[in-house]
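This structure is a prediction, so every number in the text was calculated from the model and none was measured. Each chain gets a letter, A, B and so on, in the order the sequences are listed, and its residues count up from 1.
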Number of protein chains: 2
Amino acid sequence: MSQQSTRALLIRAAMIRFGREGYEAASTRAIAADAGTNISSIAYHFGGKEGLRIACADAVADQIQQVARTVPLVPVVLSPRMARATLRRLVRRMVTFLILGAGANEMVGFVLRELAQPDSPVLERLYATLVEPRHAGLCAIWSAATGRPAESDDVKLAVFTLVGQVAYFRLAAPIVQRRMGWQGYSRPEARAITRRLLVNLELMTGGGNG
Amino acid sequence: MSQQSTRALLIRAAMIRFGREGYEAASTRAIAADAGTNISSIAYHFGGKEGLRIACADAVADQIQQVARTVPLVPVVLSPRMARATLRRLVRRMVTFLILGAGANEMVGFVLRELAQPDSPVLERLYATLVEPRHAGLCAIWSAATGRPAESDDVKLAVFTLVGQVAYFRLAAPIVQRRMGWQGYSRPEARAITRRLLVNLELMTGGGNG
DNA sequence: CTGTATCAATCGATTGATTGAATTATTTGG
DNA sequence: CCAAATAATTCAATCAATCGATTGATACAG
C-alpha cells in the first residue's frame, strides 16, 4: 500500500493540484514534486500534461462507478417499496463517499473545474460513460417508487435535486462547516446530513407528489 | 449603458476569466485585452491582480445582496403561512437570478473557484458579509414556517439543502441541459425548475416534518 | 502646471516541453 | 547462478513562451 507506482502517484498528486488550483494553474513541476518524481515522468507516462488530465478523469470515473453500482444500468422491475429502499441506500452511499470518502474532496474539485469549461473533453467523457446512464437508471427507480413516468421532465429534475443536495454539502463544505460550527466532516456530521437527506427523500417519493 | 468605466470593464472581464480558468490561470493580459485596455490599468485601479480579485468578490456580494433582500436581516415575527410565502418568493428570486440572470454563470464560477481554496481571503469576506447573516435569516423564516427551532442543526441543514438544490442547477448546468435536451437556460426551463423546487419546498415546510 | 488615466516596453521568474545521459529493472546467454 | 545485454524509467539541463509587475513616456481635462 505504501509503495505505489509512479503512475498512480502522479495521478493522485495531479488530482489534488488540478482540483485545488485548476488545470492550467497547476504546474507539472509541483505535481511531479508531490509525487516524488521528475517532471519528465509525466511526458513518459502520459505523453504530457493533457494526458495526465485525461488519466485523472478516468480515475474519477472508476471511483464513481464503484459508488453508483447500486443503481442498476439495465431496467429492472421494482415494487415502490423496494425502489424507495434502493434510493435510500444510494443516498447513504453518496454521503459516505462524498462526505467521508478519502480523496472525494480532490475528485469533486477536479470535476468542478472541468464543469466550469463546458466544452472540456473530460466533461464529454464523464457525461457519456457516467452521468447519462446513471441518471437514467435513477429515474427508472424514481419512477418505480412514485409511479410517475421515468423520462418525464419532472422526474428527471427531481432526481437532479436529489443529487444536487448531496453534492452541495461537498462543494460548499467550507461554508457549511463554518456555519454548523463543525471542524470538518466526520461520522457524526455525515450522520446528521444523511438524516436530513433521507427525510427529504421520503417526502419527495413517499407522498406521491414526487 | 454601452459606455462603461475601465474599472467596471476590468471587473466584468476578470469575473469571466477567473470563473472560467481560475484565479492563477487567468492572465492579466487577457483580462485587460477583454476589457479593451492596457495591463497596467489593473495595477492602477486595483493595485495588482489580487486587488482585482477582491474587487470581483465585492461585486459578487453586491449582486447577491440584491437577490437576497427578500430575507430580512433583522428578526421579524411571521405567521407560518406568510413565512412559507416568503420562502417561495425567495426560491423564485434565486432561480431567476441563477438561471436567467446575466452574468450569474460567471459569478458562480468565480465563487466556485474560491470555494476550492478553503483559506481564500475572498471566501472569508463573502462568508462574513453574506452567507452567515443570510443563512441565519433564512433559518428564522424556516423556523416560523415549520415551528422548529431556528438554530437547530436540522433546520440549518434543511436550509442548506434548499439552497443546494438551486445552486446545483447552475453549477451542473452543462450536465443538466444535456440530459434534459435543453439548448440552454431560458424562460420555460426556468419555469420547470422553479416548479420542481417549489414542490420540494412545500413538501419540506408544509408537512411539519421540516 | 497638476492630477488622472492609459500606453508600449521591459524586468526576472516560471510555465510545459524536450533532450540525451544516467539509473534501474528485466531478460537473455553461458 | 551469475554476468552481459536489453528494455524500462528517471534524471538534470535547457528551450521558447508566457507570467505579473514595474517603468517612464504620453494624452487629456480642469
Is there a side-chain contact between A:T37 and the phosphate of D:dC11, meaning an N or O under 4.0 Å from OP1 or OP2? yes
Would one find a side-chain N or O of B:H45 under 4.0 angstrom from OP1 or OP2 of C:dT6? yes
Spatial distance of atom NZ (B:K156) from atom NE2 (B:H135) [nearest 0.5 Å]: 8.0 Å
As a test of reading the structure: which of D:dT9, C:dG16, D:dT22 is closest to the side chain of A:Y44, going by heavy atoms? D:dT9
Let's see if you can work this out: which of C:dT6, C:dA17, D:dA8 has an atom nearest to the side-chain heavy atoms of B:T6? C:dT6
Taking the six-membered ring of A:Y23 as reference, does the cationic atom of A:K49 (NZ for Lys, CZ for Arg) lie under 6.0 Å from its centre and within 45° of its axis? yes
For B:E151, does the CD atom sit with more than 12 other heavy atoms under 6.0 Å from it, leaving out its own atoms? yes
Could you note down all residue pairs passing side-chain hydrogen bond (donor to acceptor under 3.5 Å, both in side chains) where residues 90-103 of chain B supplies at least one of them, sequence neighbours left out? B:T70-B:R93
Figure out the CD1/C1' separation between B:I42 and C:dC7, and round it to whole Å. 14 Å
Partner of B:D58 under salt bridge (Lys or Arg N to Asp or Glu O under 4.0 Å), picked from B:R7, B:R125, B:R53, is B:R125
With a 4.0 Å cut-off on heavy atoms, is A:A26 in touch with a base, just the backbone sugar-phosphate, or nothing at all? sugar-phosphate
With DNA chain D as reference, determine whether A:R29 or B:A30 sits nearer its 5' end, using the nearest nucleotide of each. A:R29
5' precedence on DNA chain D between B:E24 and A:R7 (nearest-nucleotide basis): A:R7
Summarise how protein sits on nucleotides 23-30 of chain D as a single string, 5' to 3': B when a protein heavy atom is under 4.0 Å from the base, S for sugar-phosphate-only contact, - for no contact. B-------
Does the plane of the ring in B:F169 sit parallel, tilted or perpendicular to the ring in A:F160? Use 30° and 60° as the thresholds. perpendicular
